[in-house]
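The structure appears below as structure tokens.
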Amino acid sequence: MRRETQNVLLVLLGGAVLKIALNGQYLRYVKPGLQPWLIAAGVATVLLAVVGIARDIQAASARANGVPAAGGDDHGHAHSSRSPWLLLLPVLAIFLVAPPALGADKVSRSGDRTAVGAAPSDSSFKQLPDEDAPLLSIGDAVTRAVWDSSGTLDGRQIRLVGFVVRKPGGGIDLARLVISCCAADAAPVKVRLEGDGLDGFESDTWLQVRGEVLARTATEENGYVPTFRVTSLTEMPAPADPYES
Amino acid sequence: MDAAPGAPATGAVRDQAGTGRRAAPRAPRRRTSGQRRITSLEVFCFVIALALIFSGPLSRLLDRPGLRTGSTVFVAVCVQALPFLVLGVVLSGLIAAFVPPSLMRRLLPRSPSAAVPVAGLAGVALPGCECASVPVSRRLMQQGVPPAAALTFLLAAPAVNPVVLTATAVAFPAEPRMVLARFLGSFGTAVAMGWLWARFGRLEWIAERARRVAESRGGESRWRVFSETARHDLVEAAGFLVLGALTSAVLNVLVPAAVLDTLSGQIVVAVLVMAVLAVVLALCSEADAFVAASLSTMPLLARLVFLVVGPAIDVKLYALQAGTFGRRFAMRFAPATFVVAIGCAVLAGVLVLGGVR
């Protein structure tokens, strides 16, 4: 591949990374903490290419003036490697397709189990905040449902936010994906919803539900997915950061 | 390759190499085609134009649940790895520009077998994941570091650095010994592979472009060397990173998670499954501890194998190694690493974790 083409590809690649880092789309793929790194990497990529282009132009004008160029002329037709063509794939994917955040499809591919966080080392959970229906992450609710023997969830109304996953055999789950680095390591956390008025929702619809986790419903047989009895629910837009950490 | 119209391209390159000027390292030319007039820039514009024209149908084509998930994972792996790759090529450029080969030779013990453990410990200092270590280790090789030591660095850096070990400690709060076991397993793998290479490795397996030792760079500005080296390494390595991300995305969608649950009962099967899983998932070494922790039905030893094998060899690394050091190298080095890593992980697990659990 020509050096000019390589430089153009690098500008596009750096630009693509900068674009998603600045407009918030990066949250579909990685964790919020990576943003400064993405900006730095995008800027560095663009800079390297721009410096390369500037040198080429300099060398070309020096050659045109009959001055033997100081080493900028020997790169123009030097590469037989075809691997840089592959850089087109992420560039086109980001600019043209912009793949959405993972959702119900990933959850159904991950089997029937829910991911369960580790129990705190002294196995005592903090009491829930003393308010009406505090908002918990699904991961937190599942971990408490599985490990907590002191009953911090018992009889408490809580709120959860997640998307709907319709199961092939009937039944409806509310799920989130937990990522620890990027979307490739996403693991689902979920609760099984029970209650009225759930039938109308398609998979991937985001809901905020209010209700309670039924005690001792997270068992080994059902993949530790606790049952959540819904008392009320509202449909909502997907949050900016669709993942739990 | 793009030949200058009418000019015998290989001859031109030989002339330039003969001047002794140190330019960014180049891939050897595989063939010449003096007649070809279409340049890559034109092909590139054509592809972009096509993609823009057909962007609607293209998006609809990808609008199926499985493909959508796959494309998200693909972009995620690329986006996640790019900052580390950039860090790696910047380091590589800095080494090329500011660290003279003579300094490297003075710092490392003279005999390769003594240099190997030193290189392994040096890996502690590079807080990146595996994408950063590939360009850096090639640069070390070009700066006159013995290949055995450079390869040890390649395997050690992503696995034993403080960031990765801290992540492991956070992911396994109930099993603090996991950190020590991981350190020993990965360090052992790196040193064992370095010694194996020193004993059995042949220089000609490594592509010529990767072992061309840097010549003196008289007259060239150091910043110029830096930016040219970094730019070149980025273009080369990023392409292979994309290939690895693609493989990982396909496997991520196709390998059913249910397979795991049924296999967790038998320790030998579990170890092998986790080793293979580490290879096909191609996770970043800073994240794999959390994934291993979440696979809570697996025996601890099998999860340790996952943590030791993953940073040493996976599909993304294989693509990067093949691109950087040549396919002949990667075909031999990668399977050997896989076997040695499993062995070292099991050994470390039995010693530190106290047997199979």
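Below, chains carry the letters A, B, ... as their sequence lines are ordered, and counting in each starts from 1. What you are looking at is a predicted structure, and each value in this text was computed from that prediction instead of being measured.
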Could you check if a side-chain atom of P90(A) sits within less than 4.5 angstrom of a side-chain atom of V75(B), using non-hydrogen atoms only? no
Region of L88(A) in contact with chain B, defined by heavy-atom distances below 4.5 Å: side chain
Evaluate the side-chain proximity of P83(B) to L38(A): yes if any heavy-atom separation is below 4.5 Å, no if none is. yes
Could R2(A) and E42(B) be called an ion pair, given the rule that one side-chain N must be under 4.0 Å from one carboxylate O? no
How long is the span from the CG atom in L41(B) to the OG1 atom in T5(A), to the nearest 0.5 Å? 4.0 Å
Measure distances from L92(A) to the heavy atoms of chain B and classify the residue's part below 4.5 Å as side chain, backbone, both or neither. side chain
Give the C-alpha distance, both sets of side-chain angles, the deciding distance and a yes or no for side chain to side chain contact (heavy atoms under 4.5 Å, CB included) between L48(A) and S227(B). CA-CA 6 Å; L48(A) 283 175; S227(B) 67; 4.2 Å; yes
C78(B) SG to I94(A) CD1 distance, which is reported to the nearest 0.5 Å: 7.5 Å
Could you tell me which of L52(B), L234(B), D63(B) has the largest number of non-hydrogen atom pairs under 4.5 Å with chain A? L234(B)
Hey, what do you get for CD (E4(A)) to OG1 (T39(B)), rounding to the nearest 0.5 Å? 7.5 Å
Minimal heavy-atom distance between S55(B) and L96(A), with the atoms involved, is CB-CD2, 4.0 Å
Per-residue tally against chain A (heavy atom, under 4.5 Å) across L241(B), V43(B), V89(B) peaks at V43(B)
Most contacts with chain B, counted as non-hydrogen pairs under 4.5 angstrom, among A183(A), A44(A), A184(A): A184(A)
Taking the side chain as everything from C-beta on, heavy atoms only, tell me whether D105(A) gets closer than 4.5 Å to R68(B). no
Should R3(A) and H232(B) count as side-chain neighbours, where that means a heavy-atom distance under 4.5 Å? no
Segment of L13(A) engaging chain B (4.5 angstrom heavy-atom cut-off): side chain
Atom pair CD1 (I48(B)) and CG (L9(A)), whose distance is rounded to the nearest 0.5 Å: 7.5 Å
How far apart are the closest heavy atoms of F44(B) and W85(A), and which atoms are they? N-CH2, 3.8 Å
Would you mind telling me which of V51(A), I39(A), L47(A), L89(A) has the largest number of heavy-atom pairs within less than 4.5 Å of chain B? L89(A)
So which residue, D204(A), V17(A), T45(A), L102(A), ends up with the most heavy-atom pairs under 4.5 Å with chain B? L102(A)
Any idea which of V97(A), L87(A), I20(A), V178(A) has the most non-hydrogen atom pairs under 4.5 angstrom with chain B? L87(A)
Side-chain contact, heavy-atom cut-off 4.5 Å: Y29(A) with V73(B)? no
Where does L67(B) contact chain A at under 4.5 Å (heavy atoms): side chain, backbone, both or neither? neither
Can you find a pair of side-chain heavy atoms, one from P99(A) and one from F74(B), that are under 4.5 Å apart? no
Please verify the inter-ring angle class for W37(A) with F84(B); under 30° counts as parallel, over 60° as perpendicular, anything in between as tilted. parallel
Contacting region of L34(A) [heavy-atom separation from chain B under 4.5 Å]: side chain
Quick one: what part of L12(A) sits under 4.5 Å from any heavy atom of chain B, side chain, backbone, both or neither? side chain
Chain A interface, residue from V90(B), L85(B), V242(B) that has the most non-hydrogen pairs under 4.5 Å: V242(B)
With a 4.5 Å cut-off on heavy-atom pairs, point out which of T69(B), L82(B), V86(B) contacts chain A the most. T69(B)
Using a 4.5 Å cut-off on heavy atoms from C-beta on, say whether the side chain of N7(A) contacts that of R231(B). yes
Would you say K31(A) and Q80(B) make side-chain contact, with heavy atoms under 4.5 Å? no
